[in-house]
Enquirer: 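Have a look at this one.
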Protein chains: 2
Amino acid sequence: MSGTRDRLIEATAELFRRQGYHGTGVKQIVETARAPFGSMYHFFPAGKEELGAETIRRSGAIFGQLIGYFYAAGTDPVAATRMFFDAAAQTVHESDYADACPIATVALEVASMSEPLRLATAEVFESWLTTLDTHLVEAGLTKTQARKLSVSLFSLLEGSFILARATRDHTHVRAAGRAAAAAVRTALEKRATRRADPAERFPESRRSPAT
Amino acid sequence: MSGTRDRLIEATAELFRRQGYHGTGVKQIVETARAPFGSMYHFFPAGKEELGAETIRRSGAIFGQLIGYFYAAGTDPVAATRMFFDAAAQTVHESDYADACPIATVALEVASMSEPLRLATAEVFESWLTTLDTHLVEAGLTKTQARKLSVSLFSLLEGSFILARATRDHTHVRAAGRAAAAAVRTALEKRATRRADPAERFPESRRSPAT
DNA sequence: GCCGCACTAGAGCGATCACTCTAGTTGCCC
DNA sequence: GGGCAACTAGAGTGATCGCTCTAGTGCGGC
């Protein structure tokens, strides 16, 4: 078993979150991970980009689990939303505005620079949206309603992270959380209304990808 | 007059928007601007960081004017919101997912790395919020209501930019725009309700900074 | 014991990083 | 037209970039 490989990914994840992809050097990674330089290229022969892709997927999976934990089956989505944003705000604050989204910085940096890394961030974001979708559908929304709401929740979180880190004011995340919770409540109330129309409950049997 | 100085800033702005601060080299900047290398350090003696700060403020001011244009006095804020997000979605799409927020990438990169640059991004974001606040207060909201809504609009825009660039799907920005317009409509409806309570119209004479 | 492989260890590669320095050119003021 | 500041121009600085390469170590299977 290779603890070194894991340490490399963990160190990279922390550095990426704080200073992004191009702001993080390979040397800094191996020093942080207390790993020998040669080991990095043993485990990731394709170099920094391969380690980056792996780190994005790993960080994304962990954050995705966190989302799943808050929105766990049976939890009220409105309360889950409020609690999730409040917890995020607290983390941002306690980490001195370093720890917000683990991959947002990298996602913006690589979007027009590296297709493999861009794809990794896209897959992670898509998985987060799917997790949210699933729980919102469980709460009674149609797939279409759920997806629209998921995109809003994602955007409110990520956007408020940017604002909070730039201004060093974590209350922006809490404010976005209130708006997010309100949006969830409104959507759930609409759901009750729409129940009357059977055609609306199953608007499509299969989702087609966005064009 | 120094067209060279302007060209340097414009080139830097475009490069920052697409590839961020650390992904953009000084050499690449002077080549893009068709400026001699020496001129860069003539106009910006403190180097890349000074040019970066100037670029952030300039890009921010231009984008701020754009916000002001859409929400101009007399315009319905709901319609303005829908139009602004739709226009943003179109720009993102037409630029092949390169042009979204001019400073978001840099803002995340420098938040924990450079205090002067972080401050520049914070000032820009704050000015955008203030612009939105002003127009929303004109539409009848209290300062408190307006600020909360501005933060939501900002977050929905910036967050959906991240998602759109990563997934190469500009419809996310449109979706966030619908949610944003709905939030504005709801806030304006609440305003009518709250008009009945005079204490709510002027909840505070002076805003205290977030703690 | 010892072979073979996974992994460690770090010196050193060319390229590029932000930046400095000197020299030359331009154009306005007197 | 002489003087001077503003600006142009690019060669060259040390440091760092991502990465390659060779040598060595540790350990399980036979």
Side-chain angles (χ1 to χ4, degrees), chain A residues 1-56 58 105-106 109-110 112-118 120-121, chain B residues 1-56 58 105-106 109-110 112-118 120-121:
Chain A
M1 45 176 55
S2 160
T4 304
R5 203 186 120 98
D6 282 335
R7 283 207 317 281
L8 281 167
I9 293 178
E10 279 162 27
T12 307
E14 179 150 332
L15 293 168
F16 276 8
R17 187 170 44 188
R18 288 169 145 78
Q19 49 195 31
Y21 185 80
H22 293 110
T24 302
V26 174
K27 206 165 206 168
Q28 194 186 7
I29 292 173
V30 298
E31 278 169 8
T32 305
R34 269 181 244 284
F37 199 86
S39 297
M40 209 222 97
Y41 286 90
H42 169 76
F43 292 113
F44 306 96
K48 189 186 180 185
E49 197 172 37
E50 185 183 357
L51 171 58
E54 183 89 13
T55 300
I56 289 166
R58 176 92 124 243
T105 311
V106 176
E109 279 183 287
V110 304
S112 306
M113 297 266 278
S114 160
E115 194 60 11
L117 293 180
R118 196 220 102 220
T121 62
Chain B
M1 294 270 117
S2 160
T4 304
R5 204 187 120 97
D6 281 335
R7 284 207 315 283
L8 281 167
I9 293 177
E10 281 162 26
T12 307
E14 179 151 332
L15 293 167
F16 275 9
R17 187 170 42 189
R18 289 169 144 77
Q19 50 194 30
Y21 184 80
H22 293 110
T24 302
V26 174
K27 204 166 208 170
Q28 192 186 9
I29 291 174
V30 298
E31 279 169 6
T32 305
R34 269 180 245 283
F37 199 86
S39 297
M40 208 222 98
Y41 285 89
H42 170 75
F43 292 112
F44 305 96
K48 188 186 181 184
E49 197 171 38
E50 184 183 358
L51 171 58
E54 183 91 13
T55 301
I56 288 165
R58 177 92 125 244
T105 311
V106 176
E109 277 183 289
V110 303
S112 305
M113 297 267 276
S114 161
E115 194 59 10
L117 293 180
R118 194 220 103 218
T121 62

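FYI, side chains are in, hydrogens and waters are out, and symmetry mates aren't considered; it's all heavy atoms of this structure. Letters A, B, ... mirror the listed sequences (proteins, then strands); counts begin at 1.
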Enquirer: Taking only N/O atoms, report every protein-nucleotides 19-21 of chain C pair under 3.5 Å with atom names and distance.
Expert:
residue	atom	partner	partner atom	Å
C/dC19	OP2	B/Tyr41	OH	3.1
C/dC19	OP2	B/Lys48	N	2.8
C/dC19	O5'	B/Tyr41	OH	3.3

Enquirer: What integer distance in Å separates B/His42:NE2 from C/dT25:P?
Expert: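 Taking NE2 of B/His42 and P of C/dT25, I get 18 Å after rounding.
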Enquirer: Calculate the interatomic distance between B/Arg5 atom CZ and D/dT8 atom P; express it in whole Å.
Expert: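 To the nearest whole Å, that distance equals 12 Å.
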Enquirer: Give a yes or no on whether a salt bridge exists between B/Glu115 and B/Arg118, defined as a side-chain N under 4.0 angstrom from a carboxylate O.
Expert: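 Looking at B/Arg118 together with B/Glu115, the answer is yes, because their closest N to O distance falls below 4.0 Å.
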Enquirer: Atom CZ of B/Phe43 and atom C1' of D/dA6: how far apart are they, to the nearest Å?
Expert: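 In whole Å, D/dA6 C1' and B/Phe43 CZ are 8 Å from each other.
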Enquirer: Are any of B/Thr4's side-chain N or O atoms less than 4.0 Å away from OP1 or OP2 of D/dT8?
Expert: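 Affirmative; the distance criterion is met.
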Enquirer: Quick one: A/Lys27 NZ to C/dC17 C1', roughly how many Å, whole number?
Expert: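 These atoms are roughly 14 Å apart.
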Enquirer: Would you mind reading off the distance between B/Arg7 atom CZ and D/dC7 atom C1', rounded to a whole angstrom?
Expert: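 Rounded to the whole Å, the gap is 12 Å.
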Enquirer: Could you measure the distance from the NE2 atom of A/His42 to the CG atom of A/Leu8? Nearest 0.5 Å is fine.
Expert: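 Rounded to the nearest 0.5 Å, the NE2-CG separation comes to 11.0 Å.
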Enquirer: B/Ser112 versus A/Gln19: any side-chain heavy-atom pair under 4.5 Å?
Expert: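 In short, these two side chains do not touch, never coming nearer than 4.5 Å.
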Enquirer: Can you tell me the distance, in whole Å, between the CD atom of A/Gln28 and the P atom of D/dA15?
Expert: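 Rounded to the whole Å, the gap is 19 Å.
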Enquirer: Does B/Glu109 use its side chain to pair, donor to acceptor, with the backbone of B/His22 at less than 3.5 Å?
Expert: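 Checking the backbone N and O of B/His22 against the side chain of B/Glu109, a donor-acceptor pair under 3.5 Å is found.
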Enquirer: Rounded to the nearest Å, what distance is computed from the CD1 atom of residue A/Ile29 to the P atom of nucleotide D/dT16?
Expert: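 So the two atoms are 17 Å apart, to the nearest Å.
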Enquirer: Mind calculating the distance between CD (A/Glu31) and P (D/dT16) to the nearest angstrom?
Expert: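 Distance, rounded to whole Å: 11 Å.
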Enquirer: If you take all heavy atoms of A/Tyr21 and A/Lys48, which pair is closest and at what distance?
Expert: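 Shortest heavy-atom contact: O-NZ, 3.0 Å.
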Enquirer: Decide whether B/Glu49 and B/Ser114 meet the rule of one side-chain donor and one side-chain acceptor closer than 3.5 Å.
Expert: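 Yes, a side-chain donor-acceptor pair sits under 3.5 Å.
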Enquirer: Could you tell me whether the phosphate oxygens of C/dC7, OP1 or OP2, come under 4.0 Å of any side-chain nitrogen or oxygen in A/Ser39?
Expert: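 A/Ser39 to C/dC7 OP1/OP2: no side-chain N or O under 4.0 Å.
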